[in-house]
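Only one structure is covered here, and it is reproduced in the block below.
Per chain, numbering begins at 1; letters A, B, ... match sequence-line order.
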Amino acid sequence: EKTKHKDGSSEKHKDKHKDRDKEKRKEEKNKSSGDVKIKKEKENGFSSPPRIKDEPDEDGYYASPKEDSKPLKRPREEDDEDYKPKKIKTEDIKKSKKRKQEEEEDNKSKKTKSKDKRAPEGDNKKKKQKKEEEQKWKWWEEERYPEGIKWKFLEHKGPVFAPPYEPLPENVKFYYDGKVMKLSPKAEEVATFFAKMLDHEYTTKDIFRKNFFKDWRKEMTSEEKSTITNLSKCDFTQMSQYFKAQSEARKQMSKEEKQKIKEENERLLKEYGFCIMDNHKERIANFKIEPPGLFRGRGNHPKMGMLKRRIMPEDIIINCSKDSKVPPPPPGHKWKEVRHDNKVTWLVSWTENIQGSIKYIMLNPSSRIKGEKDWQKYETARRLKKCVDKIRNQYREDWKSKEMKVRQRAVALYFIDKLALRAGNEKEEGETADTVGCCSLRVEHINLHPELDGQEYMVEFDFLGKDSIRYYNKVPVEKRVFKNLQLFMENKQPEDDLFDRLNTSILNKHLQDLMEGLTAKVFRTYNASITLQQQLKELTTPDDNIPAKILSYNRANRAVAILCNHQRAPPKTFEKSMMNLQTKIDAKKDQLADARRELKIWLPKKKAVQRIEEQLMKLEVQATDREENKQIALGTSKLNYLDPRISVAWCKKWGIPVEKIYNKTQREKFAWAIDMAEDDYEF
DNA sequence: GCGCGAACTTAGCACGATACAG
DNA sequence: CTGTATCGTGCTAAGTTCGCGC
């Protein structure tokens, strides 16, 4: 009975999606065809990491032998316990009880040994060697604040505003309907935004033009408004050429001029790029306010072309501590508000005019406040590791449930787990591009094949996900899942929701019951990290040299990127650069042949031959790596999904310098992991 | 339980800086 | 030394999650 659809559910959804233009959507992003598809299929084995291997081994897992010798002072989960009693909120107390049972033993063995760094209020180290100390500050060895409190002291200089508009020189003309027309400053500024984009394809798109023109007219004087009634009669070519010349001139600048600009940027960074948070100087991520311009969303965005207005001090909310020096607004201006909220991490905020959402200035990933959160994220994923088998068994049971919503939840969770899909919140139609995640999948996004490519129960996914990146995948599923999907699709239109009894809120609430802190995205983190760990084990050959090992690392990384569908447009110069590399390889081969010939005559050349062999090998590895990486982006997973301790441990185990894996910025972000992970770290 | 805003993480791309080849 | 390929960074859009008020 209960598995039947509610009456009218189909109707409701039909209505909701009625004017979506399916065809356009399909066309939108076909860049992900060909190679990626093939690779995806080839490496699909990685999509569902081998379950058996992942089982935590009861004894060895929680306490790794090395842990004792480490001054790991703040085992996260323990700390939580410490702080919980102080909390007032009933919900937190409930949580803490639950957690106590579940995982008290985790990290138990980690002793807090080193004595020097405890005091958080900046003691003896405050003054002496300040710079060096700051650079090396190991926040991960200090105590955390109780949950909810983000800082005690915060001082900063406020944001850097976009440079003011510089009117065009007199000789740069704008023509309307063939006649020269002098625009008012405001109208001119907006016109220049359009002129700068003239070469982009999207200035030819109807929506873009319509949105732009509407917003442009708002900036015009009434006279301009009455004259300029048709965008197609506007001639921006002189403006466009002027800007091209400008950017050309910038490139041609002398060394001194470039140096001057560089110095100016450094000055800005020094002055505005840092804040003081709790006795430490921390780098700010985005201290510059976004300049005005024309909005270009990703994919087929209904608001493309709209004017992103200039942000003024009067729009700005400053957040800092009461006892700090409040940054002064620019002369003649006032802040919208100054507040002192230490329950949040941002320093500056304003409301943006396209979606009406709030934008923030926050700290750099290397900061304590971001790093702690990142660390915590991976600890949550590791907790999932401990109970993932139970959860998997549970959702498999739920496939048989009498209740439709339980079945839908269980199938959705299966997708999230197996395919690392995103949760998929509902989106307001007409506000953003039409993209979906798991819970918001529609019937039209999947195709069921009882048999395909020689496999049974195949599901073919084809939809646009975050950033309108296409997700295309064919996966075999269990019979029960297949049957359920058939049931969910019964009597529905293509534009109806596949999971009509489910949304992210319902799903996450359920997950919360399965494990504290569990949400849909934890599965992505967990599966990404466990895949990396498992792939590294599988792919690393002990006898390989360093370049070959790094290729293995990149391949493991790639498996994750494919799992998470992190694509990129193939670099514009890809073919060319591959050819260059091939040329080099051929040259190296010749050189090797020559050297070998000489060797026969003159034995001491042996070393030279070896060197050339090594160089050749390096080049070949590089070529393979590049080819395999054509449309895969490794950065996103490396930065957001892979527990850095896995990579650090791998580097230590095989004697690979960590610089080969992480560049400077990444090493700063992952300083905590580089410092604490030993070669035997287990995710 | 729902809708909504706030806060914070995740995302790809453009472009400038840097390395490298000629 | 200069032009070009590659790499790193900045930018900011687009997600997820949480908590609040009804």
Starting at atom CG of A:Leu464, determine the distance to atom P of B:dA11, rounded to an integer number of angstrom.
16 Å
Are A:Ser357 and B:dA6 close enough that a side-chain N or O sits under 4.0 Å from OP1 or OP2?
no
Pick base, sugar-phosphate or nothing for A:Lys150, based on heavy-atom distances below 4.0 Å to the nucleic acid.
sugar-phosphate
Under 4.0 Å protein heavy-atom contact, by nucleotide of nucleotides 3-12 of chain C - B base, S sugar-phosphate only:
--SS-SSSSB
Could you tell me whether A:Glu668 and A:Arg283 make a salt bridge, using a distance below 4.0 angstrom between a side-chain N and a carboxylate O?
no
Along DNA chain B (nearest heavy atom to each residue), the more 5'-positioned of A:His566 and A:His200
A:His566
Is A:Gly437 touching bases, backbone alone, or none of the nucleic acid, heavy atoms closer than 4.0 Å?
nothing
N/O (side chain, A:Lys373) to phosphate O (OP1/OP2, B:dC8) under 4.0 Å
no
Looking for any heavy atom pair under 4.0 Å, which part of the strands does A:Gly356 touch: base, sugar-phosphate only, or nothing?
nothing
May I ask you to check whether A:Asn300 and A:Asp434 show a side-chain donor-acceptor distance below 3.5 Å?
no
Return the value, rounded to whole Å, for the distance between atom CZ of A:Arg368 and atom P of B:dC8.
12 Å
What is the ring orientation for A:Tyr202 with A:His200, classed by angle as parallel under 30°, tilted 30 to 60°, or perpendicular over 60°?
parallel
Parallel, tilted or perpendicular for A:Tyr662 and A:Phe670, by the 30°/60° rule?
tilted
Regarding A:Tyr360, tell me which of base, sugar-phosphate or nothing describes its non-hydrogen contacts under 4.0 Å with the strands shown.
base
N/O (side chain, A:His301) to phosphate O (OP1/OP2, C:dA13) under 4.0 Å:
no
Are any of A:Lys521's side-chain N or O atoms less than 4.0 Å away from OP1 or OP2 of B:dT10?
yes
Between A:Ser357 and A:Glu352, do the side chains contain an N or O donor and an N or O acceptor separated by less than 3.5 Å?
yes
On DNA chain B, compare the nucleotides closest to A:Lys377 and A:Glu428; which residue's is nearer the 5' end?
A:Glu428
With a 3.5 Å cut-off and heavy atoms only, can you find an N or O donor on one side and an acceptor on the other between the side chain of A:Lys466 and the base of B:dT10?
yes
Rounded to whole Å, please give me the gap between CG in A:Asn342 and P in B:dA7.
13 Å
Tell me what A:Asp374 touches on the nucleic acid: a base, only sugar-phosphate, or nothing, going by heavy atoms under 4.0 Å.
nothing
May I ask you to evaluate whether A:Arg524 reaches the phosphate of C:dT16, defined as a side-chain N or O under 4.0 Å from OP1 or OP2?
no
Take atom CG of A:Asn425 and atom P of C:dG15, then tell me their distance rounded to the nearest Å.
10 Å
Ionic contact status for A:Arg144 with A:Glu372, cut-off 4.0 Å:
no
Atom-to-atom span, CD1 of A:Ile506 to P of B:dG3 - whole angstrom
11 Å
Under-4.0 Å side-chain N/O to phosphate OP1/OP2 contact, A:Thr519 with C:dT17:
yes
Answer yes if the side chains of A:Tyr553 and A:Ser647 hold a donor-acceptor pair under 3.5 Å, and no otherwise.
yes
How many whole angstroms separate atom CD1 of A:Ile284 from atom C1' of B:dC8?
17 Å
What is the distance, rounded to the nearest whole Å, between atom CG of A:Asp199 and atom P of B:dC15?
11 Å
Over how many whole Å does the gap from A:Ile358 atom CD1 to B:dC4 atom P extend?
15 Å
Once you apply a heavy-atom cut-off of 4.0 Å, does A:Thr345 come out as touching a base, just sugar-phosphate, or nothing?
sugar-phosphate
Should we count CD of A:Glu263 as having more than 12 external heavy atoms under 6.0 Å?
yes
